[in-house]
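As a basis for the values below, the full set of heavy atoms in this structure was taken, side chains included, without hydrogen atoms, waters or symmetry mates. Quantities reported herein were computed from a predicted structural model and do not represent experimental measurements.
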Amino acid sequence: MKISYLSIYALLISVIQLQAQSLDKFAPQGFDVPRTGIANGKIDTISYPSKTVGVNRRALVYTPPGYSKSNKYPVLYLLHGIGGDMKEWLKHGTPQVIFDNLYADKKLEPMIVVMPNGRAMKDDRNIGNMFDSARVQAFSVFEKDLLNDLIPFIEKEYPTYKDREHRAIAGLSMGGGQSLNFGLGNLDKFAWVGGFSSAPNTKLPEVLVPNPAEAKAKLKLLWISCGDADGLINFSKRTHDYLYQKDVPHIYYVEPGGHDFKVWKNDLHLFTQFLFKPVDTNVFSSFTVLGSAAESNIRTAKYPQILPDNRVVFKIKAPDAQKVQVDLAKKYDFIKDTEGFWTVTTDTVSEGFHYYSLLIDGVAVADPASETFYGMGRMAAGIEIPSKNSAFYALRDVPHGEVSIKRYYSTVFNAWRRFYIYKPAGYDANVNEKYPVLYLLHGGGEDERGWATQGKTDLILDNLIAEGKAKPMLIVMTDGNVGGGGIAGFGERTLQMFENELKQVVIPFVEKNYRAKTDAKDRALAGLSMGGLQTLYAGIRNHQMFSYLGVFSSGWFANNTTLSDPQYAFMKANATAINNNIKQLWVSMGGKEDIAHNNCQVMLKKFDEMNIKYTYSEYPGGHTWPVWRHDLHGFAQVLFK
């Protein structure tokens with residue numbers, strides 16, 4: 001049988017890649033203990049002329065076992081923390097031992113490792129006040145010293161490759177921030193970048209990676225790691241979150257531990273095994289020991305944790321329980337350990353906000369480690385899964401509006417009720433300005449809190465207004481639960497009750513107590529699911545009061561003609577007036593997986609038959625908050641223009 005050289009080459013590459021990526025996710029015991037009977041590398045102290053600083057500076061250089069000037073080597077520049085110097089790694093991290101052991105196990109590509117002093121100033125000793133402004137600034141000056149003085153010296157004095165693909169930079173704490181700043185800021189110089197427990201000197205992610213496409217194309221490996229108990233972990237996480245959103249491949253490695261060499265030695269052991277080899281980016285998202293605490297956790301709660309591939313790890317203590325499950329899209333069984341802790345890791349969970357329940361011996365309860373949200377007809381736990389499409393509701397440095405609660409007395413229900421209201425940035429200062437109003441309705445099993453909390457209404461509008469994509473507006477988030485609340489007993493009577501409450505109480509109250517414009521062209525009504533039906537009912541029947549209607553994941557029931565047929569009859573009889581008065585009837589759906597999809601399609605067919613004008617859009621995600629956040633983002637941009 002004939003085998004082509006191309007086939008053999010492809011096979012060899014596959015084997016090399018498999019070997020390169022078959023890495024343990026935690027350093028084995030004894031990885032940092034000297035062994036006997038193995039070859040050792042060598043550490044030398046070098047002195048190089050620094051034009052940047054104006055003196056000769058020193059660095060340590062590790063050369064691997066079997067080093068020969070007749071060979072060429074890639075180079076790793078390994079940086080220390082704010083309180084250290086060129087010997088910090090040597091004194092506390094034993095890098096030479098870690099490297100020698102990895103070489104003995106044939107897990108490391110031969111490389112030269114340079115450990116410089118990252119404090120680029122004439123007196124670069126680690127003495128005195130390490131946080132003195134001049135000493136801190138010297139860590140930034142080191143970028144010029146590194147690029148213009150140290151690297152040229154190393155490449156002149158040692159047999160090194162001189163291209164970016166054979167140059168890496170990594171460091172701990174302050175040096176981790178330097179590595180990210182210098183490496184990502186000089187992609188023409190470095191293809192391998194690692195930040196271990198990176199410190200506050202780390203630049204903002206959008207400054208670090210202003211061009212994600214370039215970073216994605218040029219980086220071989222971007223490594224970000226931190227101990228789960230490290231007080232600086234948020235600097236690593238914010239970088240990871242940005243890279244995730246921008247789809248830049250990277251490893252985000254979270255491990256047990258704090259801000260110490262136990263963590264950093266483990267990081268060095270793992271990071272260096274990736275270097276200067278073929279890299280399979282498919283392993284990146286699963287290469288971690290721990291996940292990050294969900295942003296929806298209560299303060300200090302470590303679980304649930306979200307892994308980089310959006311699997312979720314749950315851990316609770318319930319020593320007397322017989323069975324524990326979590327219901328998150330589907331049910332997962334926990335496993336109990338000898339100390340009474342129950343743990344489980346889910347499949348990958350779709351992006352965005354999801355309700356979930358713990359089931360302890362069959363009883364559904366809210367997770368005490370999670371913030372709770374009113375949904376599913378009760379207070380429930382919720383989890384925010386990172387999304388690559390979350391930029392539109394991210395907390396940004398833009399002018400922010402305010403969400404507040406307003407109580408009012410309803411003459412329809414003869415009871416005190418409340419709504420949430422969003423006022424845009426500048427509302428309190430611009431006392432002579434009046435604003436258009438969007439009345440925004442929740443779904444069944446939820447209440448007026450839904451859009452303000454789960455929906456992130458304020459962040460969505462803050463960002464849109466700051467970008468000039470939406471008009472400043474008031475948003476009134478009312479309680480649509482009438483006649484007992486929720487979808488149970490839902491029908492014409494409850495729709496009429498809601499219509500009366502909106503027309504007779506809520507709108508007059510808002511227009512009396514806030515600087516709200518009062519023309520129909522300055523009013524909009526929208527809602528999700530049950531709120532979409534309320535919008536269809538109250539908005540269509542009062543088309544002279546509103547110019548914009550938004551119907552999210554909703555539609556008249558195809559199997560309840562007693563309710564639906566009178567609505568279609570009204571629309572048919574008033575089609576011309578509806579088309580004339582409603583400037584935008586905006587209908588959206590969460591794709592075919594949305595439980596309201598069939599009802600909506602039947603309804604839209606009826607609209608077509610009656611020549612009712614509408615705009616239709618779909619966003620995949622089903623009957624969920626990620627879809628409805630997207631709907632609000634889209635709908636808000638067409639209002640009052």
Side-chain angles (χ1 to χ4, degrees), residues 374-377 412-413 419 438-448 450-451 454-455 476-503 506-507 523-543 545-546 548-572 574 578 582 584-590 594-607 610 612 614-618 622-625 627-628 631-632 635:
Y374 186 72
M376 305 190 295
V412 170
F413 296 107
F419 57 74
L438 165 62
Y439 296 87
L440 190 58
L441 314 178
H442 60 81
E446 295 168 342
D447 64 11
E448 68 275 13
W451 275 110
Q454 296 95 298
V476 178
M477 294 159 271
T478 66
D479 181 2
N481 293 305
V482 297
I487 206 72
F490 186 83
E492 183 100 24
R493 185 182 68 85
T494 55
L495 287 167
Q496 289 172 347
M497 292 169 66
F498 171 78
E499 178 189 15
N500 291 340
E501 172 76 354
L502 182 67
K503 288 174 58 179
V506 175
I507 291 177
R523 284 197 209 102
L525 179 65
L528 68 92
S529 195
M530 181 185 79
L533 294 176
Q534 292 170 326
T535 297
L536 285 166
Y537 188 87
I540 293 295
R541 288 181 175 271
N542 297 277
H543 51 81
M545 291 183 63
F546 302 97
Y548 303 88
L549 302 179
V551 180
F552 311 155
S553 295
S554 194
W556 290 118
F557 301 136
N559 61 354
N560 186 351
T561 55
T562 301
L563 175 62
S564 303
D565 282 355
Q567 317 313 323
Y568 294 134
F570 178 88
M571 294 182 75
K572 184 176 182 179
N574 295 274
I578 292 170
I582 303 299
Q584 184 73 248
L585 174 54
W586 204 83
V587 182
S588 61
M589 191 60 51
D594 194 320
I595 59 173
H597 189 268
N598 182 62
N599 285 336
C600 183
Q601 300 310 307
V602 171
M603 180 181 73
L604 294 182
K605 187 176 180 180
K606 294 280 190 181
F607 285 3
M610 294 182 286
I612 297 292
Y614 63 89
T615 298
Y616 180 72
S617 70
E618 284 194 4
H623 208 72
T624 62
W625 274 107
V627 171
W628 303 325
D631 291 342
L632 176 60
F635 182 60

List for me each residue that meets salt bridge (Lys or Arg N to Asp or Glu O under 4.0 Å) alongside Glu448, sequence neighbours excluded, and say none if there are none.
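Here the qualifying residues are Arg418.
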With Tyr614, which residues qualify under ring pair (Phe, Tyr, Trp, His ring centres under 6.0 Å), at least two apart?
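With sequence neighbours excluded, Tyr614 shows a ring pair (Phe, Tyr, Trp, His ring centres under 6.0 Å) to Phe607, given in chain and number order.
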What pairs with Phe635 under ring pair (Phe, Tyr, Trp, His ring centres under 6.0 Å), at least two apart in sequence or on another chain?
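For Phe635, the residues satisfying ring pair (Phe, Tyr, Trp, His ring centres under 6.0 Å) (neighbours in sequence not counted) are Phe552, Trp586.
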Once side chain to side chain donor-acceptor pair (under 3.5 Å) is applied, do any residues pair with [X], and if so which ones, sequence neighbours excluded?
X: Thr615; value: Gln584
X: Trp451; value: none
X: Gln454; value: Tyr355
X: Ser588; value: Asp631

Within a strict 4.5 Å, meaning less than it, do heavy atoms of the [X] and [Y] side chains meet?
X: Gln534; Y: Tyr439; answer: no
X: Ile582; Y: Tyr548; answer: no
X: Thr624; Y: Val627; answer: yes

[X] side, atom [atom1]; [Y] side, atom [atom2] - distance, nearest 0.5 Å:
X: Met610; Y: Asn574; atom1: CE; atom2: CG; result: 10.5 Å
X: Leu585; Y: Ile612; atom1: CG; atom2: CD1; result: 8.0 Å
X: Leu441; Y: Ser529; atom1: CG; atom2: OG; result: 11.5 Å
X: Trp625; Y: Leu632; atom1: CH2; atom2: CG; result: 9.0 Å
X: Phe557; Y: Met603; atom1: CZ; atom2: CE; result: 11.5 Å
X: Trp556; Y: Leu563; atom1: CH2; atom2: CG; result: 5.0 Å

Any sub-3.5 Å donor-acceptor pair from [X]'s side-chain atoms to [Y]'s backbone N or O?
X: Thr535; Y: Gly527; value: yes
X: His442; Y: Asp479; value: no
X: Thr494; Y: Gly491; value: yes

Which residues pass the side chain to side chain contact (heavy atoms under 4.5 Å, CB included) test with [X], sequence neighbours left out?
X: Ala596; result: Met589, Asp594, His623
X: Tyr374; result: Met379, Asp447, Arg449
X: Met545; result: Lys503, Ile507, Arg523, Asn542

Grab the two heavy atoms, one from [X] and one from [Y], that are nearest each other, plus how far apart they are.
X: Thr478; Y: Phe419; result: CA-CB, 4.0 Å
X: Met571; Y: Ile578; result: CA-CD1, 3.9 Å
X: Ala538; Y: Leu502; result: CB-CD2, 4.3 Å
X: Val587; Y: Cys600; result: CG1-SG, 3.7 Å
X: Met497; Y: Val412; result: O-CG1, 4.4 Å

CA sep, side-chain torsions, deciding dist, call: Tyr616, Gln601, side chain to side chain contact (heavy atoms under 4.5 Å, CB included):
CA-CA 10 Å; Tyr616 180 72; Gln601 300 310 307; 3.0 Å; yes
Assess the residue pair Ser554 and Leu533 against the criterion (side chain to side chain contact (heavy atoms under 4.5 Å, CB included)); give the C-alpha distance rounded to whole Å, side-chain angles, the decisive distance to 0.1 Å, and a yes or no.
CA-CA 6 Å; Ser554 194; Leu533 294 176; 3.4 Å; yes
Pairs flagged by side-chain hydrogen bond (donor to acceptor under 3.5 Å, both in side chains) wherever residues 561-572 is involved - sequence neighbours left out
Glu492-Gln567, Arg541-Gln567
